Amino acid sequence: MFNVAVFVSGRGSNLKAIIDHFSNKPGIISIVGVISDRDSCLALELARFHNIPTFILDNSNQQSSYSQLKNNLLNADTDLIVLAGFLKKIPDSFVDDFKNKIINIHPALLPSFGGKGMYGENVHKAVFAKSCKVSGPTIHFVDKVYDNGIIIAQRAVDISDTKSWDEIAVRVLQKEHELLPEVIEKFANDKIRIQGSRVVYST
Ligand code: GRF
């Protein structure tokens, strides 16, 4: 079994997409934990509903909290950490601890519209304001800089006819829900490799 931990801060629609996708394909992954920087959010409720262990990060004691989390994730033989709407920056030491094992989903086509402050509706508003004709989710490895790691997968969405940023948000989110489980499945099937500065899929 391929062990996945999911970090969340909000509504958890990507977590739901992962749970739904793999409940139709049992035996591929196990979600070993859902981790949040908030003590209450919809994503945590979803995790508890599915009896997935949860871990709440203590923001006032980040160092010891992440060190405890590290032990828990190592004890659970965690293969992949997925940031699915997790808003806090991951400490550099934790990125080192799980080198090339942390991925993030971002709701725009990086390297545009990323970086600090580019989350949630800010992203879609900026895309709309630039009159972009395509947008879409990007999944990338997490390094020590916001939205900077090398890109694993992207899916372009035609937004040329949209009249508002929230229409863009809806279209992109729908694609996120397809792309993220697909990418996790590729990891689980050992089909994703890093070659130099590129991410390649094997067949
Ligand atoms: C998604 O748009 C994701 O790309 C971004 O945060 C949002 C999380 O949404 N990183 P949800 O909590 O999965 O519904």
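The model shown is predicted, which means the values in this text are computed figures rather than measured ones. When a ligand or atom number is given, it counts from 1 through the structure's own listing order.
Although no hydrogens or angles enter the test, the distance criterion places a donor-acceptor pair under 3.5 Å between the side chain of Thr138 and the main chain of Leu110.
In summary, Arg155 and Glu182 engage in a salt bridge, as defined by a charged side-chain N under 4.0 Å from a carboxylate O. Between Asp92 and Lys144 there is no salt bridge, since none of the side-chain N atoms of the basic residue sits less than 4.0 Å from a carboxylate O of the acidic one. Ion pairing between a basic and an acidic side chain is recognised when a charged N comes within 4.0 Å of a carboxylate O; Glu167 and Arg171 show such pairing.
Residue Asn14 has at least one N or O atom closer than 3.5 Å to an N or O atom of ligand 1. At least one N or O atom of Ile105, backbone or side chain, sits closer than 3.5 Å to an N or O atom of ligand 1.
In this structure, atom 9 (O) of ligand 1 lies nearest to the protein heavy atom Arg11 NH2, 3.2 Å. Protein heavy atom in closest approach to atom 8 (C) of ligand 1: Gly85 CA, 3.5 Å.
The residue among Gly12, Pro107, Ala169 with a heavy atom at the shortest distance from atom 12 (O) of ligand 1 is Gly12.
Ring geometry for Tyr66 against Phe94 counts as perpendicular: the plane angle is over 60°, on a 0 to 90° scale with 30° as the lower cut.
Contacts with ligand 1 closer than 4.0 Å are made by side-chain heavy atoms of Glu176 only, the backbone lying farther away.
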